[in-house]
Amino acid sequence: MDLNAMFKISYGLYVLTAGENGKDNGCIINTLAQVTSNPNRISVTVNKNNYTHDMIMRTGKFNVSCLTTETPFSVFEHFGFHSGENYTKFVDKRTTEYAENGVCYYPYYTNACIGGKVVETHDYGTHTIFVADVTNAKVLSDEPSLTYDYYHKNIKPKPQVKETKKTQWVCKICGYVYEGDDLPEDFICPLCKHPAADFEKITM
């Protein structure tokens, strides 16, 4: 056990993984904390809607991979913040390895991998807090840990603002501007008194 791995979990985003009967699952969490140092004990808070939650409830074991600032958005698309029922999270075996507590997302874009064996569970309605003894801990790289703030500022795509197109009708005689998608056929320019036929449509 490399205790330096415990320094990696002060804050950040993590891939939580669990396995059962040859099936594996995982999801992104941001609720990992060290509870005590003697013994080394950690806690994770997991949404009950996650199938990873159900696996941990049944097996009492999980792994946590600490993500780094090099993590691309594709990792979040792959795992998501809510695990699914189809157990296809780990089709790419190059990014996974079997640790003491089952499959672990490792070594791409991670700086530490920590395993836990559940010793306490606390029900908080929509979530469960799992308190676990650390069974294995390994430092993988010196890359800085990924924080939730860094994820929002630098990794999560910014929402695309749709440009609203504006239609205008310009009088070719005097330059008067009429705003609107449609120009009435009987419209008369209030400045030069020319008809709608002398207006040109412009979309901005």
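Hydrophobic clustering of Ile, Leu, Val, Met, Phe, Trp and Tyr side chains at less than 4.5 Å, counting indirect connections, keeps Val119 apart from Met55. Connection of Val75 to Tyr108 is established within a shared hydrophobic cluster, with ILVMFWY side chains joined at heavy-atom distances below 4.5 Å, either directly or through further cluster members. Connection of Tyr150 to Tyr109 is established within a shared hydrophobic cluster, with ILVMFWY side chains joined at heavy-atom distances below 4.5 Å, either directly or through further cluster members. A continuous path of ILVMFWY side-chain contacts below 4.5 Å connects Met57 to Val118, so both sit in one hydrophobic cluster.
With sequence neighbours left out, Glu120 forms a side-chain hydrogen bond (donor to acceptor under 3.5 Å, both in side chains) with His122. For Lys153, the side-chain hydrogen bond (donor to acceptor under 3.5 Å, both in side chains) test picks out Asp149, with sequence neighbours left out. For the side-chain hydrogen bond (donor to acceptor under 3.5 Å, both in side chains) test, residues two or more places apart in sequence or in another chain that qualify with Asp123 are Lys48.
Expressed to the nearest 0.5 Å, how far OG1 of Thr17 lies from CG of Asn25 amounts to 9.5 Å. Interatomic distance, SG of Cys66 versus CG of Leu146, reported as 10.5 Å (0.5 Å rounding). A distance of 8.5 Å separates CZ in Phe130 from CG in Leu16, rounded to the nearest 0.5 Å. Here the CD1 atom belonging to Ile29 is positioned 10.5 Å from the NE2 atom belonging to His127, to the nearest 0.5 angstrom.
Between Asn40 and the options Ile114, Val134, Val35, a side-chain contact (heavy atoms from CB on, under 4.5 Å) holds for only Val134. Among Ile28, Leu32, Thr110, the one residue that satisfies the side-chain contact (heavy atoms from CB on, under 4.5 Å) test with Tyr14 is Leu32.
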side-chain contact (heavy atoms from CB on, under 4.5 Å) assessment of Tyr124 paired with Ile129: CA-CA 7 Å; Tyr124 283 91; Ile129 293 180; 3.6 Å; yes
Do Leu13 and Phe76 pass the side-chain contact (heavy atoms from CB on, under 4.5 Å) test, and can you show the C-alpha distance, the side-chain angles, and the key distance before you say yes or no? CA-CA 10 Å; Leu13 291 169; Phe76 293 87; 3.9 Å; yes
Phe62 vs Lys117, side-chain contact (heavy atoms from CB on, under 4.5 Å): CA-CA, chis, key distance, verdict: CA-CA 7 Å; Phe62 62 84; Lys117 184 177 181 182; over 6 Å; no
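Looking only at side-chain heavy atoms (C-beta outward), Tyr105 and Asp24 stay at 4.5 Å or farther from each other. Annotation: side chain of Thr167 is not in contact with side chain of Glu179 (no heavy-atom distance under 4.5 Å). Using a 4.5 Å heavy-atom threshold, the side chains of Asn21 and Lys23 count as separate.
Residues Asn111 and Ser145 have side chains that bring a donor and an acceptor to within less than 3.5 angstrom of each other. Residues Asn101 and Thr135 bring a donor and an acceptor atom of their side chains to less than 3.5 Å of each other.
Using cut-offs of 30° and 60° on the angle between ring planes, the pair Phe73 and Tyr151 is parallel.
Remark: side-chain polar atoms of Thr31 are paired, donor with acceptor, to backbone N or O of Thr45 under 3.5 angstrom. Proximity of a side-chain donor or acceptor of Trp169 to a complementary backbone N or O of Gly180 within less than 3.5 Å is detected. Of the possible polar contacts, one joining the Ser141 side chain to the Glu143 backbone as a donor-acceptor pair under 3.5 Å is found.
Shown here for Ile56 and Ala18, the closest heavy-atom pair between the two residues is CG1-CB, 3.8 Å. Residue Thr96 comes nearest to Val103 through the heavy atom pair CB-CG2, 3.7 Å, listed as atom of the first residue, atom of the second, then distance.
Within 6.0 Å of CZ in Phe199 there are more than 12 heavy atoms belonging to other residues, nucleotides or ligands.
Here Arg41 pairs with Asp133 in a salt bridge; the nearest charged N to carboxylate O distance falls below 4.0 Å.
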